[in-house]
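What follows is a single structure, written as C-alpha coordinates, with notes after it.
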There are 2 protein chains.
Amino acid sequence: MSALFEELVALDKLIHEPARLAIMTALSACQSADFLFLQRLTGLTKGNLSSHLAKLEDAELITIEKKFIGKKPNTLVSLSPAGREAIARHWQQLESLRHNASQWRPPEA
Amino acid sequence: MSALFEELVALDKLIHEPARLAIMTALSACQSADFLFLQRLTGLTKGNLSSHLAKLEDAELITIEKKFIGKKPNTLVSLSPAGREAIARHWQQLESLRHNASQWRPPEA
DNA sequence: AATAACCGGTTTGTGATGCAAACCTATTTC
DNA sequence: GAAATAGGTTTGCATCACAAACCGGTTATT
(Lines give C-alpha, C1' and ligand atoms only; values in the text may rest on other atoms or scores of the structure.)
Protein backbone atom coordinates (compact mmCIF):
# COMPACT_ATOMS: atom_id res chain seq x y z
CA MET A 1 0.00 0.00 0.00
CA SER A 2 1.61 3.17 1.14
CA ALA A 3 4.85 1.33 1.75
CA LEU A 4 5.39 2.06 -1.91
CA PHE A 5 5.74 5.75 -1.39
CA GLU A 6 7.66 5.52 1.81
CA GLU A 7 10.14 3.43 -0.07
CA LEU A 8 10.33 6.08 -2.76
CA VAL A 9 11.00 8.75 -0.17
CA ALA A 10 13.78 6.66 1.30
CA LEU A 11 15.77 6.16 -1.89
CA ASP A 12 19.50 6.31 -1.33
CA LYS A 13 20.38 9.88 -2.19
CA LEU A 14 24.02 9.14 -2.61
CA ILE A 15 23.18 7.14 -5.71
CA HIS A 16 20.01 8.95 -6.69
CA GLU A 17 21.72 12.29 -7.33
CA PRO A 18 21.64 12.73 -11.12
CA ALA A 19 25.37 13.12 -11.73
CA ARG A 20 26.20 10.08 -9.63
CA LEU A 21 23.37 8.08 -11.10
CA ALA A 22 24.91 8.80 -14.49
CA ILE A 23 28.41 7.88 -13.38
CA MET A 24 27.28 4.65 -11.76
CA THR A 25 25.08 3.73 -14.68
CA ALA A 26 27.86 4.31 -17.17
CA LEU A 27 30.30 2.31 -15.08
CA SER A 28 27.85 -0.54 -14.84
CA ALA A 29 28.21 -1.00 -18.58
CA CYS A 30 31.99 -1.35 -18.54
CA GLN A 31 34.61 -2.70 -16.17
CA SER A 32 36.41 0.57 -15.84
CA ALA A 33 36.73 4.04 -17.26
CA ASP A 34 39.22 6.82 -16.89
CA PHE A 35 38.58 10.27 -15.54
CA LEU A 36 38.48 12.09 -18.84
CA PHE A 37 36.25 9.53 -20.41
CA LEU A 38 33.74 9.96 -17.62
CA GLN A 39 34.03 13.69 -17.86
CA ARG A 40 33.18 13.76 -21.54
CA LEU A 41 30.43 11.24 -21.04
CA THR A 42 28.66 13.18 -18.34
CA GLY A 43 29.53 16.73 -19.28
CA LEU A 44 30.56 17.47 -15.69
CA THR A 45 33.40 19.83 -14.90
CA LYS A 46 36.59 18.31 -13.56
CA GLY A 47 35.95 19.70 -10.14
CA ASN A 48 32.49 18.32 -9.81
CA LEU A 49 33.38 14.98 -11.28
CA SER A 50 36.26 14.78 -8.86
CA SER A 51 34.10 15.43 -5.83
CA HIS A 52 31.34 13.10 -6.93
CA LEU A 53 33.93 10.38 -7.39
CA ALA A 54 35.33 11.10 -3.97
CA LYS A 55 31.92 10.60 -2.43
CA LEU A 56 31.34 7.36 -4.25
CA GLU A 57 34.76 6.18 -3.19
CA ASP A 58 34.13 7.09 0.45
CA ALA A 59 31.00 4.99 0.27
CA GLU A 60 33.07 2.17 -1.23
CA LEU A 61 30.87 1.97 -4.28
CA ILE A 62 33.78 2.53 -6.64
CA THR A 63 37.52 2.03 -6.57
CA ILE A 64 39.99 4.54 -7.89
CA GLU A 65 43.46 3.66 -9.12
CA LYS A 66 45.95 6.32 -10.00
CA LYS A 67 48.95 5.52 -12.11
CA PHE A 68 51.08 7.03 -14.81
CA ILE A 69 50.71 6.26 -18.44
CA GLY A 70 54.06 7.30 -19.81
CA LYS A 71 54.54 10.65 -18.17
CA LYS A 72 50.91 11.47 -17.73
CA PRO A 73 48.85 10.78 -14.65
CA ASN A 74 45.81 8.67 -15.19
CA THR A 75 42.87 7.90 -12.94
CA LEU A 76 41.02 4.68 -13.48
CA VAL A 77 37.60 4.23 -11.96
CA SER A 78 35.68 1.02 -11.54
CA LEU A 79 32.64 -0.21 -9.68
CA SER A 80 33.24 -2.28 -6.58
CA PRO A 81 31.13 -5.39 -6.20
CA ALA A 82 29.00 -3.48 -3.69
CA GLY A 83 28.68 -0.63 -6.16
CA ARG A 84 27.63 -2.91 -8.97
CA GLU A 85 24.99 -4.38 -6.77
CA ALA A 86 23.85 -1.00 -5.49
CA ILE A 87 23.30 0.57 -8.90
CA ALA A 88 21.47 -2.47 -10.21
CA ARG A 89 19.28 -2.45 -7.14
CA HIS A 90 18.58 1.26 -7.42
CA TRP A 91 17.30 0.92 -10.98
CA GLN A 92 15.23 -2.07 -9.97
CA GLN A 93 13.65 -0.07 -7.19
CA LEU A 94 12.83 2.82 -9.49
CA GLU A 95 11.45 0.55 -12.11
CA SER A 96 9.23 -1.42 -9.79
CA LEU A 97 8.09 1.66 -7.91
CA ARG A 98 7.10 3.31 -11.13
CA HIS A 99 5.31 0.25 -12.27
CA ASN A 100 3.47 -0.34 -9.02
CA ALA A 101 2.58 3.29 -8.59
CA SER A 102 1.03 3.35 -12.03
CA GLN A 103 -1.59 0.90 -10.90
CA TRP A 104 -1.98 2.20 -7.40
CA ARG A 105 -5.37 3.65 -6.49
CA PRO A 106 -5.94 5.96 -3.56
CA PRO A 107 -8.17 4.39 -0.94
CA GLU A 108 -11.62 5.91 -1.40
CA ALA A 109 -11.99 8.92 0.85
CA MET B 1 26.30 8.46 -27.73
CA SER B 2 27.12 10.28 -24.57
CA ALA B 3 23.97 12.38 -24.82
CA LEU B 4 22.38 9.64 -22.78
CA PHE B 5 24.44 10.40 -19.77
CA GLU B 6 24.38 14.13 -20.18
CA GLU B 7 20.64 13.87 -20.17
CA LEU B 8 20.78 11.83 -16.99
CA VAL B 9 22.98 14.43 -15.34
CA ALA B 10 20.51 17.12 -16.33
CA LEU B 11 17.41 15.56 -14.78
CA ASP B 12 15.16 18.12 -13.18
CA LYS B 13 16.17 18.02 -9.55
CA LEU B 14 13.03 19.69 -8.37
CA ILE B 15 11.10 16.61 -9.35
CA HIS B 16 13.87 14.08 -8.94
CA GLU B 17 14.26 14.61 -5.20
CA PRO B 18 12.87 11.43 -3.61
CA ALA B 19 10.21 13.01 -1.39
CA ARG B 20 8.87 15.14 -4.23
CA LEU B 21 9.07 12.27 -6.69
CA ALA B 22 6.87 10.35 -4.27
CA ILE B 23 4.43 13.22 -3.83
CA MET B 24 4.13 13.84 -7.54
CA THR B 25 3.82 10.15 -8.33
CA ALA B 26 1.09 9.67 -5.76
CA LEU B 27 -0.78 12.72 -7.02
CA SER B 28 -0.58 11.46 -10.56
CA ALA B 29 -2.78 8.56 -9.52
CA CYS B 30 -5.57 10.69 -8.09
CA GLN B 31 -7.09 14.07 -8.85
CA SER B 32 -6.34 15.47 -5.45
CA ALA B 33 -5.24 14.58 -1.96
CA ASP B 34 -5.22 16.37 1.34
CA PHE B 35 -2.24 17.20 3.47
CA LEU B 36 -2.63 14.46 6.03
CA PHE B 37 -3.23 11.84 3.44
CA LEU B 38 0.02 12.77 1.72
CA GLN B 39 1.80 12.84 5.03
CA ARG B 40 0.76 9.32 5.94
CA LEU B 41 1.51 8.11 2.47
CA THR B 42 5.04 9.41 2.37
CA GLY B 43 6.02 9.23 6.03
CA LEU B 44 7.30 12.80 5.89
CA THR B 45 7.01 15.12 8.85
CA LYS B 46 4.51 17.96 8.53
CA GLY B 47 7.27 20.49 8.29
CA ASN B 48 9.06 18.79 5.47
CA LEU B 49 5.91 17.98 3.58
CA SER B 50 4.88 21.61 3.90
CA SER B 51 8.12 22.91 2.45
CA HIS B 52 8.22 20.37 -0.35
CA LEU B 53 4.69 21.36 -1.29
CA ALA B 54 5.68 25.02 -1.19
CA LYS B 55 8.46 24.32 -3.68
CA LEU B 56 6.22 22.41 -6.01
CA GLU B 57 3.67 25.18 -5.81
CA ASP B 58 6.28 27.84 -6.56
CA ALA B 59 7.18 25.87 -9.64
CA GLU B 60 3.49 25.71 -10.55
CA LEU B 61 3.52 21.96 -10.68
CA ILE B 62 0.75 21.67 -8.12
CA THR B 63 -2.10 23.80 -6.87
CA ILE B 64 -2.99 24.17 -3.23
CA GLU B 65 -6.43 25.06 -1.98
CA LYS B 66 -7.04 25.82 1.64
CA LYS B 67 -10.51 25.75 3.08
CA PHE B 68 -12.32 24.76 6.19
CA ILE B 69 -14.14 21.52 6.62
CA GLY B 70 -16.51 22.28 9.41
CA LYS B 71 -14.25 24.01 11.86
CA LYS B 72 -11.03 22.39 10.75
CA PRO B 73 -8.62 23.77 8.22
CA ASN B 74 -7.93 21.55 5.28
CA THR B 75 -5.33 21.72 2.55
CA LEU B 76 -6.13 20.15 -0.75
CA VAL B 77 -3.33 19.45 -3.19
CA SER B 78 -3.62 18.62 -6.86
CA LEU B 79 -1.38 18.42 -9.87
CA SER B 80 -1.55 21.26 -12.33
CA PRO B 81 -1.66 20.29 -16.00
CA ALA B 82 2.02 21.22 -16.20
CA GLY B 83 2.72 19.08 -13.17
CA ARG B 84 0.91 16.11 -14.59
CA GLU B 85 2.93 16.39 -17.72
CA ALA B 86 6.18 16.90 -15.85
CA ILE B 87 5.89 13.84 -13.66
CA ALA B 88 4.88 11.64 -16.56
CA ARG B 89 7.78 12.95 -18.54
CA HIS B 90 10.24 12.42 -15.72
CA TRP B 91 9.35 8.77 -15.37
CA GLN B 92 9.56 8.34 -19.11
CA GLN B 93 13.02 9.83 -19.09
CA LEU B 94 14.18 7.56 -16.30
CA GLU B 95 12.70 4.54 -17.94
CA SER B 96 14.17 5.16 -21.33
CA LEU B 97 17.55 6.16 -19.93
CA ARG B 98 17.72 2.99 -17.91
CA HIS B 99 16.73 0.94 -20.89
CA ASN B 100 19.13 2.61 -23.28
CA ALA B 101 21.99 2.56 -20.82
CA SER B 102 21.56 -1.14 -20.36
CA GLN B 103 22.50 -1.72 -23.95
CA TRP B 104 25.07 1.00 -24.19
CA ARG B 105 28.64 -0.11 -24.81
CA PRO B 106 31.66 2.05 -24.15
CA PRO B 107 33.46 2.94 -27.36
CA GLU B 108 36.50 0.71 -27.52
CA ALA B 109 39.44 2.50 -25.95
C1' DA C 1 66.07 29.05 -20.98
C1' DA C 2 62.15 31.51 -20.06
C1' DT C 3 57.36 31.55 -20.56
C1' DA C 4 53.18 30.48 -21.92
C1' DA C 5 49.57 27.14 -22.61
C1' DC C 6 47.75 22.58 -21.46
C1' DC C 7 46.77 18.31 -19.01
C1' DG C 8 44.79 15.95 -15.20
C1' DG C 9 43.08 16.62 -11.62
C1' DT C 10 42.15 18.67 -6.13
C1' DT C 11 40.78 22.23 -2.90
C1' DT C 12 38.06 26.06 -1.58
C1' DG C 13 34.12 29.16 -1.23
C1' DT C 14 29.37 29.80 -1.24
C1' DG C 15 24.55 29.69 -2.08
C1' DA C 16 20.87 26.47 -2.03
C1' DT C 17 18.59 22.43 0.06
C1' DG C 18 16.67 18.97 3.05
C1' DC C 19 15.66 17.85 7.53
C1' DA C 20 14.37 18.24 12.51
C1' DA C 21 12.60 20.78 15.95
C1' DA C 22 10.26 24.63 17.72
C1' DC C 23 6.37 27.25 17.26
C1' DC C 24 1.47 28.71 16.38
C1' DT C 25 -3.66 28.78 16.48
C1' DA C 26 -7.64 26.46 17.14
C1' DT C 27 -10.20 22.47 18.80
C1' DT C 28 -11.27 18.47 21.47
C1' DT C 29 -10.74 15.63 25.63
C1' DC C 30 -10.34 14.85 30.53
C1' DG D 1 -9.40 24.79 32.79
C1' DA D 2 -5.29 22.09 31.71
C1' DA D 3 -3.56 19.06 28.64
C1' DA D 4 -3.49 16.71 24.44
C1' DT D 5 -4.49 16.77 19.36
C1' DA D 6 -5.11 18.62 14.66
C1' DG D 7 -3.19 21.00 10.97
C1' DG D 8 0.06 23.24 9.65
C1' DT D 9 4.31 27.23 9.23
C1' DT D 10 8.76 29.08 10.50
C1' DT D 11 13.44 28.69 12.05
C1' DG D 12 18.06 26.80 12.51
C1' DC D 13 21.47 24.02 11.18
C1' DA D 14 24.29 20.81 8.74
C1' DT D 15 25.03 19.06 4.22
C1' DC D 16 25.64 19.37 -0.64
C1' DA D 17 26.34 20.58 -5.50
C1' DC D 18 28.44 23.58 -8.27
C1' DA D 19 31.85 27.04 -9.98
C1' DA D 20 36.10 28.97 -9.66
C1' DA D 21 40.68 29.08 -8.08
C1' DC D 22 44.57 26.51 -7.60
C1' DC D 23 48.50 23.15 -8.36
C1' DG D 24 52.24 20.06 -10.00
C1' DG D 25 53.89 18.51 -13.97
C1' DT D 26 54.55 18.54 -19.33
C1' DT D 27 54.57 20.16 -23.90
C1' DA D 28 54.85 23.86 -27.34
C1' DT D 29 56.59 28.75 -28.34
C1' DT D 30 60.18 32.22 -28.78
Side-chain angles (χ1 to χ4, degrees), chain A residues 5-27 32-59 61-78 109, chain B residues 5-25 27 32-59 61-78 90 109:
Chain A
F5 295 95
E6 291 180 23
E7 200 183 336
L8 235 185
V9 168
L11 280 177
D12 182 354
K13 288 193 199 153
L14 186 72
I15 295 183
H16 195 62
E17 198 283 325
R20 288 187 300 258
L21 190 57
I23 293 168
M24 296 289 285
T25 301
L27 284 175
S32 62
D34 73 7
F35 190 96
L36 281 183
F37 177 70
L38 284 176
Q39 196 198 339
R40 294 197 178 104
L41 202 61
T42 59
L44 291 165
T45 62
K46 298 170 191 183
N48 294 339
L49 178 54
S50 175
S51 61
H52 283 306
L53 290 180
K55 260 162 214 184
L56 292 172
E57 189 184 24
D58 285 350
L61 296 175
I62 61 172
T63 57
I64 298 184
E65 296 169 73
K66 289 160 201 267
K67 48 185 177 179
F68 278 82
I69 293 186
K71 300 185 173 182
K72 298 183 177 179
N74 183 265
T75 296
L76 197 71
V77 181
S78 21
Chain B
F5 295 96
E6 291 180 23
E7 201 181 334
L8 236 186
V9 168
L11 282 177
D12 182 354
K13 288 193 199 154
L14 186 73
I15 296 182
H16 194 61
E17 199 282 325
R20 287 186 300 258
L21 189 57
I23 294 168
M24 296 288 286
T25 300
L27 284 175
S32 62
D34 73 7
F35 190 96
L36 280 183
F37 176 70
L38 285 177
Q39 196 197 340
R40 295 200 177 101
L41 201 63
T42 58
L44 292 164
T45 63
K46 297 171 189 182
N48 294 339
L49 178 54
S50 175
S51 61
H52 283 306
L53 290 179
K55 261 165 213 181
L56 292 172
E57 189 184 25
D58 285 352
L61 297 175
I62 61 173
T63 58
I64 298 184
E65 296 170 74
K66 289 163 203 263
K67 47 185 176 179
F68 278 81
I69 293 185
K71 299 185 172 180
K72 298 184 178 181
N74 183 263
T75 297
L76 197 70
V77 182
S78 21
H90 196 89

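Keep in mind that this is a model prediction, so the values were computed, not measured. Below, chain A is the first sequence line, B the second, and so on; all start at residue 1.
C:dC19 atom C1' lies 13 Å from atom CD1 of B:Ile23, rounded to whole Å. Rounded to whole Å, atom P of D:dA17 lies 13 Å from atom CG of A:Leu21. Across the protein-nucleic acid pair, B:Asn48 atom CG and D:dT11 atom P stand 15 Å apart, rounded to whole Å. Rounded to an integer number of Å, the gap from A:Leu49 CG to C:dG8 P is 13 Å. In this structure, A:His16 atom NE2 and D:dA17 atom P are separated by 12 Å, rounded to whole Å. In this structure, B:Leu14 atom CG and D:dA17 atom C1' are separated by 15 Å, rounded to whole Å. Straight-line distance from the NZ atom of B:Lys66 to the C1' atom of D:dT9: 8 Å, rounded to whole Å. Whole-Å rounding puts the B:Leu53 CG to D:dG7 P distance at 15 Å.
Atom-to-atom distance recorded for B:Thr42:OG1 and B:Ile23:CD1 is 6.0 Å, nearest 0.5 angstrom. Once rounded to the nearest 0.5 Å, the distance linking CD1 of B:Ile64 with CG of B:Asp34 reads 12.0 Å. Put simply, CG on A:Leu21 and NZ on A:Lys13 are 15.0 Å apart, with the number rounded to the nearest 0.5 Å.
When the nearest nucleotides of DNA chain C are assigned to B:Lys55 and B:Gly47 by heavy-atom distance, the more 5′-ward of the two goes with B:Lys55. Along DNA chain C, the nucleotide closest to A:Leu76 and the one closest to B:Leu44 are compared, and the more 5′ of them pairs with A:Leu76. Nearest-nucleotide mapping onto DNA chain D: of A:Phe68 and A:Arg20, the residue sitting toward the 5' end is A:Arg20.
One finds a side-chain N or O of B:His52 lying less than 4.0 angstrom from the OP1 or OP2 phosphate oxygen of C:dC19. Taking 4.0 angstrom as the limit, B:Asn74 places none of its side-chain polar atoms (N or O) nearer than this to OP1 or OP2 of D:dG7. An OP1 or OP2 oxygen of C:dT10 is reached within less than 4.0 angstrom by a side-chain nitrogen or oxygen of A:Ser50. Of the side-chain N and O atoms in A:Lys67, none sit less than 4.0 angstrom from OP1 or OP2 of C:dG9. Dashed line: the shortest gap from a side-chain N or O of A:Lys13 to OP1 or OP2 of C:dC19 is under 4.0 Å.
Between A:Glu17 and A:His52, some side-chain heavy-atom pair lies under the 4.5 Å cut-off.
Summarising the geometry of B:Val9 relative to A:Pro18, their closest heavy-atom pair is O-CB, 3.4 Å, with the distance given to 0.1 Å.
Counting any heavy atom pair closer than 4.0 Å across all strands shown, B:Lys46 reaches a base atom. Among the heavy atoms of the strands lying under 4.0 Å from A:Leu36 are primed sugar atoms or P, OP1, OP2 only; no base atom is included. Across all strands, A:Glu17 comes closer than 4.0 Å only to sugar-phosphate atoms, never to a base (heavy-atom distances).
The base of C:dG8 lies outside donor-acceptor range of the side chain of A:Lys72, with no N or O pair under 3.5 Å.
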